[in-house]
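Remarks on the structure that follows.
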Amino acid sequence: MDEIGASTLLLCKQCAAALVVEQGAKYATCEYCGTVNFLDKSEVVLHYAVRPTIDGDQAKASLRRWMAGNQTVKGLDTAARIDSQEFEFFPMWMARTEDRGKEVIHLKPAAALSIVGLGELRVPASDLMPYDDSLDDQAMKPTVPVTALRSWLTDDEGVAAGAIREISLVHLPIYQFKYYYKGQTYTALIDGATSQVFAAIYPSKFELPYLSIAGCGCLAYFVAAFIPLISTFTLGSNVVESAGVGIILYLMVAVVLAIPIFIIAASVSRKF
Ligand SMILES: [Zn+2]
């Protein structure tokens, strides 16, 4: 793993056999001589991959479900044309650090992101497997060196240099889709372990009808607020009594106004 600048093998102190290291473990028992080794992980980088739990078809189905969901414009699932589908393992740095006795996990992309939201990827600890060279064809090479990760931890995350317990490179399974909708091409990524959809730009619900409903609603309530003022000076001679009647009138109007606004909003959300 020269390209990221660290070794990935931990050797038995007794017999120098390679140790099988569990994620987050402090000790590893040598499979050959049985020696229990304390793991000094401060200078090594472990390399894992997350096993995909869905195949390409299931990823596509997740994408379609997301398209049919509430975030996106109505009818996107039927109108969009999926043009391409690719699979790759995306590299993420994962650092375990200690903060006042508590373990903290930091994640940072180890390559340039095509979609900003990928920064929110999670690493499911249970699905980690040791990285295998057979994944090389599908794995994106890390471009962020481990030194950059260390400076990010100390400078931006406020981690003391001595508090870094373990640094791992984790390759995450990602499906990338390109789809076409109304003259534009969009990208969506599906996490191959969690089926979560990541999309920074997508055809979202048309906002204007909602804004105009909100605008009309505000105006209506603004006008209604004059009722107590007007009635105070037009109803009878007792100013206090007239003001009271005006406030009651206002409350009634306010309640009645809410009904058409609600109905219009509901019909708009059905339409778009
Ligand atoms: Zn040994």
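Bear in mind that the values here come from a model prediction, so they are computed numbers and not experimental data. We count ligands from 1, going down the list as the structure has it; atoms in each ligand are counted the same way.
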Q14 atom CD: more than 12 heavy-atom contacts under 6.0 Å: no
- request: Answer yes or no: are there more than 12 heavy-atom neighbours, outside I201 itself, under 6.0 Å from its atom CD1?
  value: no
statement: Residue pairs passing the side chain to side chain donor-acceptor pair (under 3.5 Å) test with at least one member in residues 188-200, sequence neighbours excluded, are R122-Q196, D191-T194
statement: Protein-side N, O or S atoms sitting under 2.8 Å from the Zn ion (ligand 1) are C12 SG, C15 SG, C30 SG, C33 SG
field: Listed once per pair and sorted, the salt bridge (charged side-chain N to carboxylate O under 4.0 Å, His left out) pairs that draw on residues 77-92, sequence neighbours left out
entry: R81-D83
- prompt: Which class fits the ring pair W66 and Y202: parallel under 30°, tilted 30 to 60°, perpendicular over 60°?
  reply: perpendicular
Contact list for residues 133-171, test ring-ring contact (aromatic ring centres under 6.0 Å, His included), sequence neighbours left out: H47-H171, Y131-H171
